[in-house]
2 protein chains.
Amino acid sequence: MTEDELSRVFAALADPRRRDMVARLAIRDATVNELAAPYDVSVQAISKHLRVLEDAGLVSRSKDGQRRPVHLEAGVFDLMTKWIERYRREAEDRFRRLDAVLEQMEPAAERRGAAS
Amino acid sequence: MTEDELSRVFAALADPRRRDMVARLAIRDATVNELAAPYDVSVQAISKHLRVLEDAGLVSRSKDGQRRPVHLEAGVFDLMTKWIERYRREAEDRFRRLDAVLEQMEPAAERRGAAS
DNA sequence: AACGTGTTCAACCACATGGTTGACAACGAT
DNA sequence: ATCGTTGTCAACCATGTGGTTGAACACGTT
């Protein structure tokens, strides 16, 4: 479940255009047309991109007259950072352990108290 | 430059299998065969996945006899967290500002979408 | 030298994705 | 009621991606 959502989130952010839209949505909500304006593609293409972002839980679309303001759901970021931090930490721990091993292997080391 | 690399990193991590490999590589380096073992796919497929991870800068492959131990390059994580944190912060600032505005507006007023 | 192991390369297939255009639905304005 | 605007849906096309199998390369072993 989370596994799948994480995949969608990463996939959604793998596109520069979508990342740019997220960046702009971080500043303020925007309609589909507003979002499409800066790019040289059809509005339909942007609508598709928004669908991807929405399926990933990164944005939500509400209804206001005939326009649909898009809103960034920043909560999903936590999902990513949690995943990243976990393995970053694991890798760092590992480096630390490796350093310890290397210190211990130091042949010229004096017989002081060993690192615990 | 970073733009493109970021795309590759996100795309690389959009695949559950590749994320799983990263998770395992966070614990220890591994050869292609070791990495392929748990999955029900060909070694060639894993080799391709590793190429994707390598192009994203997430892993490096060295040479040791005829095997090529794969090593996690945890530094790339920083790239992601930096991107994420930036917009998360921006979005949070924005919420804070919005809250301030709402407070300032007497609660008698209806919540109307403010044009920028 | 010959063989087996570990890994990659090449060609191929199925499917997903990003783009297009055209039609349609929903709503505001005239 | 009709028209223009906003946005989505559907069909289509080109390209990318993950999988396969078969061949080749590199290295250790016999």
Side-chain angles (χ1 to χ4, degrees), chain A residues 3-22 24-25 28-72, chain B residues 3-22 24-25 28-72 110 112-116:
Chain A
E3 188 64 22
D4 215 37
E5 179 169 13
L6 208 45
S7 291
R8 278 194 298 259
V9 173
F10 278 126
L13 293 178
D15 185 290
R17 195 107 67 189
R18 284 195 293 258
R19 275 203 310 282
D20 189 54
M21 289 197 280
V22 166
R24 291 164 57 206
L25 287 169
R28 69 175 68 89
D29 292 357
T31 68
V32 178
N33 260 311
E34 285 167 359
L35 284 170
Y39 314 120
D40 194 20
V41 296
S42 63
V43 183
Q44 290 94 321
I46 299 302
S47 188
K48 273 197 190 179
H49 280 304
L50 285 172
R51 187 124 168 61
V52 173
L53 288 171
E54 190 176 24
D55 286 349
L58 276 160
V59 307
S60 60
R61 287 185 275 191
S62 43
K63 211 180 158 194
D64 172 33
Q66 73 244 55
R67 35 195 84 163
R68 265 143 257 196
V70 182
H71 175 76
L72 182 64
Chain B
E3 187 63 24
D4 214 38
E5 179 170 10
L6 206 46
S7 291
R8 279 194 297 260
V9 172
F10 279 127
L13 293 177
D15 185 291
R17 195 107 67 188
R18 284 195 293 258
R19 276 203 308 282
D20 189 54
M21 290 198 279
V22 166
R24 290 164 58 206
L25 287 169
R28 69 175 67 88
D29 291 357
T31 69
V32 178
N33 260 313
E34 285 167 359
L35 284 169
Y39 315 121
D40 194 21
V41 296
S42 64
V43 184
Q44 290 95 319
I46 300 301
S47 187
K48 274 197 190 178
H49 280 303
L50 285 172
R51 186 124 168 61
V52 174
L53 289 171
E54 190 177 24
D55 287 348
L58 276 160
V59 307
S60 60
R61 288 186 273 191
S62 42
K63 211 179 158 192
D64 172 33
Q66 73 243 55
R67 36 195 83 165
R68 265 143 258 192
V70 182
H71 175 75
L72 182 64
E110 58 179 315
R112 186 175 297 195
S116 52

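Every chain is numbered from 1 and lettered A, B, ... according to where its sequence line falls, protein lines coming before strand lines.
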Atom pair distance, as rounded to whole Å: [atom1] in [X] and [atom2] in [N]:
X       : N      : atom1 : atom2 : answer
A:Arg51 : C:dA16 : CZ    : P     : 15 Å
A:Leu53 : C:dG18 : CG    : C1'   : 13 Å
B:Lys63 : C:dT8  : NZ    : P     : 11 Å
B:Lys48 : C:dA14 : NZ    : C1'   : 12 Å
A:Ile46 : C:dG18 : CD1   : C1'   : 11 Å
A:Asp55 : C:dA16 : CG    : P     : 14 Å
A:Asp64 : D:dG7  : CG    : P     : 10 Å
B:His49 : D:dT17 : NE2   : C1'   : 9 Å

Heavy-atom side-chain contact between [X] and [Y] under 4.5 Å:
X       : Y       : answer
A:Glu34 : A:Val70 : no
B:Arg17 : B:Val41 : yes
A:Leu58 : A:Leu13 : yes

Item to check | Upstream residue (5' side of DNA chain C) when A:Val52 and B:Leu50 are each assigned their closest nucleotide | outcome: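 Whichever sits nearer the 5' end wins; that is B:Leu50.
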Show me the protein contacts with nucleotides 22-24 of chain D, counting only N or O atoms at under 3.5 Å.
from	atom 1	to	atom 2	distance (Å)
D:dG22	O6	B:Gln44	NE2	2.7

For the atom pair [atom1] ([X]) and [atom2] ([Y]), what is the distance rounded to the nearest 0.5 Å?
X       : Y       : atom1 : atom2 : result
B:Arg61 : B:Thr31 : CZ    : OG1   : 12.0 Å
B:Ser60 : B:Asp29 : OG    : CG    : 7.5 Å
A:Leu72 : A:Arg28 : CG    : CZ    : 13.5 Å
B:Arg19 : B:Asp15 : CZ    : CG    : 7.5 Å

Close N or O pairs between protein and nucleotides 4-6 of chain C (under 3.5 Å):
from	atom 1	to	atom 2	distance (Å)
C:dT5	O2	B:Gln66	NE2	3.2

Next on the checklist: Determine whether a donor-acceptor pair (N or O, by modelled atom type, separation under 3.5 Å) exists between the side chain of A:Arg8 and the backbone of A:Asp55.
Outcome noted: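 Yes, because the side chain of A:Arg8 sits within donor-acceptor range (under 3.5 Å) of the backbone of A:Asp55.
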Checklist entry - Would you say D:dG19 has OP1 or OP2 under 4.0 Å from some side-chain N or O of B:Ser42? => result no
Item to check | Distance below 4.0 Å between A:Ser47 side-chain N/O and D:dT8 OP1 or OP2 | outcome: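 Looking at the OP1 and OP2 atoms of D:dT8, one of them is under 4.0 Å from a side-chain N or O of A:Ser47.
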Item to check | Closest non-hydrogen atom pair between B:Val59 and B:Leu50, with its separation | outcome: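 Answer, listing the atom of B:Val59 first, then B:Leu50: CG2-O, 4.1 Å.
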